[in-house]
Amino acid sequence: MKSLSKTALIFGISGQDGSWLAKLLLEKGYTVHGTSRDREASGFSNLTRLDLKERVRLHSTVLNDFRSVVQVIRDVQPAEIYNLAGQSSVGLSFQQPVETLDSVIHGTVNILEAIRFLGLGARFYNASSSECFGNTAVPANETHPFHPRSPYGVGKAAAYWAVANYRESYDLFACSGILFNHESPLRPARYVTQKIIRGAADIAEGKADRLTLGNLSIARDWGWAPEYVDAMWRMLNHATPEDFVIATGRPHRLEEFVALAFEHFGLDWRHHVVVDDALLRPSDISLSVGDPEKAKRLLGWEAETAMPGVVARLLDAEHRARQGFAS
Ligand code: NDP
């Protein structure tokens, strides 16, 4: 029989977290398999940027197609399965609510069902999100109530409860990481953090003269993505399957993020940033901050990089990319 040890399957390996997790698992000696909706069409630019593309085995898998999910899990026989796939933009989820809910909820349930159906002892990590909580008047821990404020958050909350239900009903080793925002240069430009970094750099280089943004008063708990994928691995290698909040515990307003990025180039953001009401969301979260105490206590995990370090690292990576260096 094929050994189950040290083989991992990452659904959504082309994304930011999927690529950083592949790097971490390869460094730990795992054989890493990963999925994309269409292996032939995906550019895998993140894997290429990290010089990993030839070191992982890639599969075409559509998460909301049960046959497709069963087949890849049966073929790979992974010891650990990470679900990092699905429509992940909060803003886009207001425009594509059904696609978002479908990919997040059905995708997660299909993996849970496939694990049961195949009778695998695989451990399962599901990418949940701080968006489940909505506004957090106090730092949210694992018992904080859910009140999502976007279709994305609604989908993540449903998937979270599906994981909890399968764990309790069928004794699966299944857990959710409730991760707060985490950034890296692998984020696409659609996300506000990259939009700000690239926008400030373009203005400094004279390629643009203004940057258009939405609500600057929101506050988020921003961490560094490579550290957050380590927390995912620790959850699956903990003795018992449990859910964990992963965060820095420190909120910062988006305006601070913008000011730091522009200051780096000797610019005053107020001369270059235009707030456009068209970019405001139908409902938004004004304050999002997590309490990572449980992760520190049980997993020995703690965020090392918080603001302003996140901004500094993003600026450094952007500078290197513009000079033609890898991450
Ligand atoms: P990305 O968007 O970078 O990656 C997600 C991957 O899912 C994509 O590369 C894509 O792969 C696939 N995907 C995209 N849209 C769909 C869709 N409609 N249906 C099915 N698959 C799709 O996300 P991240 O790596 O940043 O995040 C990983 C997971 O963690 C996501 O579930 C995200 O929601 C969650 N999360 C992320 C946080 C963050 O701050 N980054 C915070 C909390 C949770 P392909 O095109 O190759 O199929």
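Atoms within a ligand are numbered from 1 in the order they appear, just like the ligands themselves.
- Only the backbone of Ser128 comes within 4.0 Å of ligand 1, judged by heavy-atom distances.
- Near Ala127, meaning under 4.0 Å from any of its heavy atoms, are these atoms of ligand 1: 29 (C), 30 (O), 32 (O), 35 (C).
- The protein heavy atom nearest to atom 46 (O) of ligand 1 is Arg37 NH2, 2.9 Å.
- Considering both main-chain and side-chain atoms, Asp17 comes within under 3.5 Å of ligand 1 through a nitrogen or oxygen pair.
- Arg253 places no side-chain N or O within 3.5 Å of a backbone atom of Ile218 that could act as its donor or acceptor partner.
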Test Arg313 against Thr305 for side chain to side chain donor-acceptor pair (under 3.5 Å), laying out the working first.
-> CA-CA 9 Å; Arg313 294 183 86 154; Thr305 313; 3.1 Å; yes
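- In the vicinity of Ser129, heavy-atom distances shorter than 4.0 Å reach the ligand 1 atoms 43 (C), 44 (C).
- Note: an N/O pair closer than 3.5 Å links Ser36 and ligand 1 by distance alone.
- Taking 4.5 Å as the limit, every side-chain heavy atom of Glu227 sits out of range of all side-chain heavy atoms of Glu302.
- Judged by the shortest distance from any of its heavy atoms, Asn181 lies inside the 4.0 Å radius around the atoms of ligand 1.
- The side-chain heavy atoms of Leu101 and Val98, taken from C-beta on, include no pair separated by under 4.5 Å.
- Scanning the protein heavy atoms around atom 37 (C) of ligand 1, the nearest turns out to be His182 CE1, 3.9 Å.
- From the protein, the heavy atom lying nearest to atom 28 (C) of ligand 1 is Leu84 O, 3.4 Å.
- With distances taken over non-hydrogen atoms, the option nearest atom 7 (O) of ligand 1 out of Gly15, Cys132, Ala247, Gly86 is Gly86.
- Contacts between Glu183 and ligand 1, counted as non-hydrogen atom pairs separated by less than 4.0 Å, are absent for every part of the residue.
- For ligand 1, the polar-atom distance check finds an N/O of Gln16 within less than 3.5 Å of one of the ligand's N/O atoms.
- Remark: minimum distance from atom 23 (O) of ligand 1 to any protein heavy atom is reached at Ser88 OG, 3.3 Å.
- Counting heavy atoms from C-beta outward, Tyr125 and Asn83 have side chains that stay 4.5 Å or more apart.
- Ligand 1 has no nitrogen or oxygen under 3.5 angstrom from a nitrogen or oxygen of Thr35.
- Remark: distances from the non-hydrogen atoms of Tyr152 to ligand 1 include one below 4.0 Å.
- Atom 19 (N) of ligand 1 has as its closest protein heavy atom Ser103 CB, 3.3 Å.
- The Ala85 neighbourhood of ligand 1 comprises atoms 7 (O), 32 (O), with distances under 4.0 Å to a heavy atom of that residue.
- Counting heavy atoms from C-beta outward, Leu314 and Arg187 have side chains that stay 4.5 Å or more apart.
- Here's the thing with Arg187: one of its N/O atoms is less than 3.5 angstrom from an N/O atom of ligand 1.
- Nearest to atom 18 (N) of ligand 1 by heavy atom, out of Met232, Gln96, Glu99, is Glu99.
- At a heavy-atom cutoff of 4.0 Å, ligand 1 is contacted by both the backbone and the side chain of Ser14.
- At a threshold of 4.5 Å between non-hydrogen side-chain atoms, the residues Asp75 and His33 do not count as touching.
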Verify salt bridge (charged side-chain N to carboxylate O under 4.0 Å, His left out) between Arg270 and Asp268, making sure each step is shown before the conclusion.
-> CA-CA 5 Å; Arg270 283 166 292 215; Asp268 183 341; 3.2 Å; yes
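- Under a 4.5 Å side-chain heavy-atom criterion applied to ILVMFWY residues, the cluster that includes Val289 comprises Leu287 as well.
- Of the N or O atoms in Leu179, none lie within a sub-3.5 Å distance of an N or O in ligand 1.
- Glu318 places none of its side-chain heavy atoms less than 4.5 Å from the side chain of Leu315.
- Only the side chain of Lys156 comes within contact range of ligand 1, with a heavy atom under 4.0 Å; no backbone atom does.
- Using a 4.5 Å heavy-atom cutoff, the side chains of Lys156 and Pro148 are not in contact.
- Test Trp233, Trp301, Trp222, Phe244 against Tyr228 for ring pair (Phe, Tyr, Trp, His ring centres under 6.0 Å) and you get one pass: Trp301.
- Atom CZ of Arg297 sits about 9.5 Å away from atom CG of Leu299, to the nearest 0.5 Å.
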